[in-house]
Amino acid sequence: MNFYTESSPHIKDGDTTQKIMLRVIIALLPAIIFSVVLFGYRVIILYLASIITCILSTIIVKKVRKKPILPDYASIITALLLVMTLPSTATVTMVVIGGVIAIVFAKEVFGGLGSNIFNPALVGRAFLQVAFPAQMTMYPVPERVPFLGIFENIVKNLDIAVSEATQSIEAVGALTHATPLTFMKFTYAGNLSSSLIEQIKFESHYYLQMFLGSTGGAIGETSFLLLLIGGIFLLTTKTINWRIPLGMFISLFIVNLLLNLAMPGKFASPIYQVLAGGFCLGAFFMATDMVTCPTSPLGAWIYALLIGLVLAILRAFGTSPEYTMYSILIGNMFMPLIAMLTRPMPFGKKEAIIMQKSQKQEGGK
């Protein structure tokens, strides 16, 4: 009699890796379309260049390694996320280099899909940050800013009382001429307000603008609303672990709140920190990468809280305004250790340990 054996899982629900990846692509589409509206049709070329580069890199490496070439939506996701983290001034050359680094050196070198240690798109972006530091910090004014007329009425002739003095600001274009985090960190650093409540009153004029995405920033990170819609879709379809975005939110919010209470007026408020930058994109689409995040519930909580903690500290004391990329990569670095320490015991292992202990106790008697 011949027996057929295979590794776990033995009970399957019909879901496949390709179906999961396709859902992630669908979830990204609203933010991708909005990025074209915001920064112009040029970003379509960047998306296409990135997709072609990542797919060709995957095929070439598979050919060299003599591995079967299978449909791989994961490469498309890597390509899309890479472009979404770049400024709109990025060139096709930069995108091609970032795509090759992401696929070849951050994914295939480790064995391909399911074996990589770090998020490939973030590794590609990190390389570009080092190789093209000037271009990676240039965020031009968006070509079209939807809903800008609404915000003009909200912040028209805005005078803000800052540190017992009245400071007039050019409020209408503040978040379009600079990214929200750059605006807060450098324009009013150290002189935001004398209390957290006063600071929130100032920032509240911009909350809706950041929520809708009518700001400057990286190509795909501006609209919190559209990224949130995509994230909710992934949560309802059980594509991602809900503990990770929630844990990141809790950690970033609480740590930043404590920093604001300890040093009023030095940092942006917790609400502003959540709405600004790449937090939403990272929390729903990058930190939740199934390959680079822990699978156990406890491990997911520790992993998420660590990323939020690192992000809050780096944003507060770092010289750059944004550190979502580095925070997630640090979380990826600690993931194997977290997974090892929080790995659930196999079925029956706990009972076996208890029986062994009881037998030793009886033998000692």
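For the residue pair Tyr303/Asn332, the side-chain donor-acceptor check at 3.5 Å is satisfied. For the residue pair Ser296 and Thr342, a side-chain donor N or O sits within less than 3.5 Å of a side-chain acceptor on the partner. With 3.5 Å as the limit, one finds no donor-acceptor pair spanning the side chains of Tyr139 and Thr89. Looking at Glu203 and Ser269, their side chains do bring a donor and an acceptor atom within 3.5 Å of each other.
Listed for the Ser327 side chain is a donor-acceptor partner under 3.5 Å among the backbone atoms of Leu311. Using modelled atom types, one side-chain atom of Ser50 and one backbone atom of Ala79 make a donor-acceptor pair closer than 3.5 Å. Proximity of a side-chain donor or acceptor of Thr236 to a complementary backbone N or O of Ile232 within less than 3.5 Å is detected. Under a 3.5 Å cut-off, the side chain of Ser214 and the backbone N or O of Met210 do not form any donor-acceptor pair. In this structure, Ser251 contributes its side chain and Gly247 its backbone to no donor-acceptor pair below 3.5 Å.
A continuous path of ILVMFWY side-chain contacts below 4.5 Å connects Phe253 to Leu227, so both sit in one hydrophobic cluster. Ile244 and Tyr326 fall within the same hydrophobic cluster, defined by Ile, Leu, Val, Met, Phe, Trp and Tyr side-chain heavy atoms under 4.5 Å apart, directly or through other members. Tracing side-chain contacts under 4.5 Å through hydrophobic residues (I, L, V, M, F, W, Y), one reaches Trp242 starting from Ile229; they form part of the same cluster. One hydrophobic cluster, built from ILVMFWY side chains closer than 4.5 Å, holds both Val95 and Leu281. No path of Ile, Leu, Val, Met, Phe, Trp and Tyr side chains, each step under 4.5 Å between heavy atoms, connects Met138 with Ile97, placing them in separate hydrophobic clusters.
In this structure the side chain of Pro180 reaches within 4.5 angstrom of the side chain of Tyr272, judged on heavy atoms. The shortest side-chain heavy-atom distance between Val83 and Val43 does not fall under the 4.5 Å cut-off. Annotation: side chain of Met248 is not in contact with side chain of Leu305 (no heavy-atom distance under 4.5 Å). Counting heavy atoms from C-beta on, the side chains of Leu113 and Thr17 come closer than 4.5 Å. Between Met136 and Pro87 the shortest side-chain heavy-atom distance falls below 4.5 Å. In this structure, the side chains of Ile117 and Val291 stay at 4.5 Å or more apart for every pair of heavy atoms. Residues Phe334 and Ile302 fail the side-chain proximity criterion, which asks for heavy atoms closer than 4.5 Å. Annotation: side chain of Ile20 is not in contact with side chain of Thr16 (no heavy-atom distance under 4.5 Å).
Every residue two or more places apart in sequence or in another chain was checked for a salt bridge (charged side-chain N to carboxylate O under 4.0 Å, His left out) with Arg243, and none qualifies. Lys62 meets the salt bridge (charged side-chain N to carboxylate O under 4.0 Å, His left out) test with Glu108; sequence neighbours excluded. By the salt bridge (charged side-chain N to carboxylate O under 4.0 Å, His left out) test, Arg315 is found to be paired with Glu322, residues two or more places apart in sequence or in another chain being considered.
When hydrophobic residues (I, L, V, M, F, W, Y) are linked wherever their side-chain heavy atoms come within less than 4.5 Å, the members clustered with Ile52 are Leu56. Here Val64 is tied into one hydrophobic group with Ile60, each link being a pair of ILVMFWY side chains closer than 4.5 Å.
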Chi angles and distances behind the side chain to side chain contact (heavy atoms under 4.5 Å, CB included) call for Arg23, Phe233: CA-CA 8 Å; Arg23 291 198 294 268; Phe233 170 74; 4.0 Å; yes
Kindly determine whether Phe127 and Phe105 satisfy side chain to side chain contact (heavy atoms under 4.5 Å, CB included), including the steps that lead there. CA-CA 11 Å; Phe127 182 87; Phe105 295 98; over 6 Å; no
Derivation of the side chain to side chain contact (heavy atoms under 4.5 Å, CB included) call for Leu128 and Leu86: CA-CA 9 Å; Leu128 293 178; Leu86 300 179; 3.8 Å; yes
Please lay out, stage by stage, how Val96 and Thr91 fare under the test side chain to side chain contact (heavy atoms under 4.5 Å, CB included). CA-CA 9 Å; Val96 170; Thr91 63; over 6 Å; no
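A distance of 5.0 Å separates OG1 of Thr239 from CG of Leu234, quoted to the nearest 0.5 Å. Taken to the nearest 0.5 Å, the CD1 atom of Ile219 stands 8.5 Å off from the OG1 atom of Thr85. Atom CD1 of Ile330 and atom OH of Tyr323 lie 10.5 Å apart (nearest 0.5 Å). Distance check, rounded to the nearest 0.5 Å: CG of Leu235 to CG of Asn241 gives 9.0 Å. For the atom pair CD1 of Ile197 and CG of Asn260, the computed distance is 10.5 Å after rounding to the nearest 0.5 Å. Taking CE of Met84 as the start and OG1 of Thr222 as the end, the distance is 8.5 Å to the nearest 0.5 Å.
The minimum heavy-atom distance between Thr78 and Pro120, with the atom names listed, is CG2-CB, 3.9 Å. In plain terms, the two heavy atoms of Ser223 and Leu212 that are nearest each other are OG-O, 3.1 Å. The minimum heavy-atom distance between Phe285 and Gly230, with the atom names listed, is CZ-C, 4.0 Å. Taking all atoms of both residues into account, the shortest heavy-atom contact from Ser57 to Val104 is CB-CG2, 4.1 Å. Taking each heavy atom of Gly299 and Ile338 in turn, the nearest pair found is O-CG2, 3.5 Å. The two residues Gly331 and Leu306 make their nearest non-hydrogen contact at CA-CD2, 4.4 Å.
In this structure, Phe317 and Phe267 have perpendicular ring planes: the angle between them is above 60°, well past the 30° mark. In this structure, Phe211 and Phe224 have tilted ring planes: the angle between them lies in the 30° to 60° band.
Ser75 pairs in a side chain to side chain contact (heavy atoms under 4.5 Å, CB included) with only one of the listed residues (Ile51, Ile59, Ile103, Leu80), which is Ile103.
Dense packing is recorded around OH of Tyr207, with more than 12 heavy atoms of other residues, nucleotides or ligands lying under 6.0 Å away. Residue Tyr73 qualifies as open at atom OH: its count of foreign heavy atoms under 6.0 Å is 12 or below. Summarising the local packing, CE of Met263 is surrounded by more than 12 heavy atoms from other residues, nucleotides or ligands at distances under 6.0 Å.
Annotation: salt bridge (charged side-chain N to carboxylate O under 4.0 Å, His left out) contacts involving residues 66-93, sequence neighbours excluded, comprise Asp72-Lys107.
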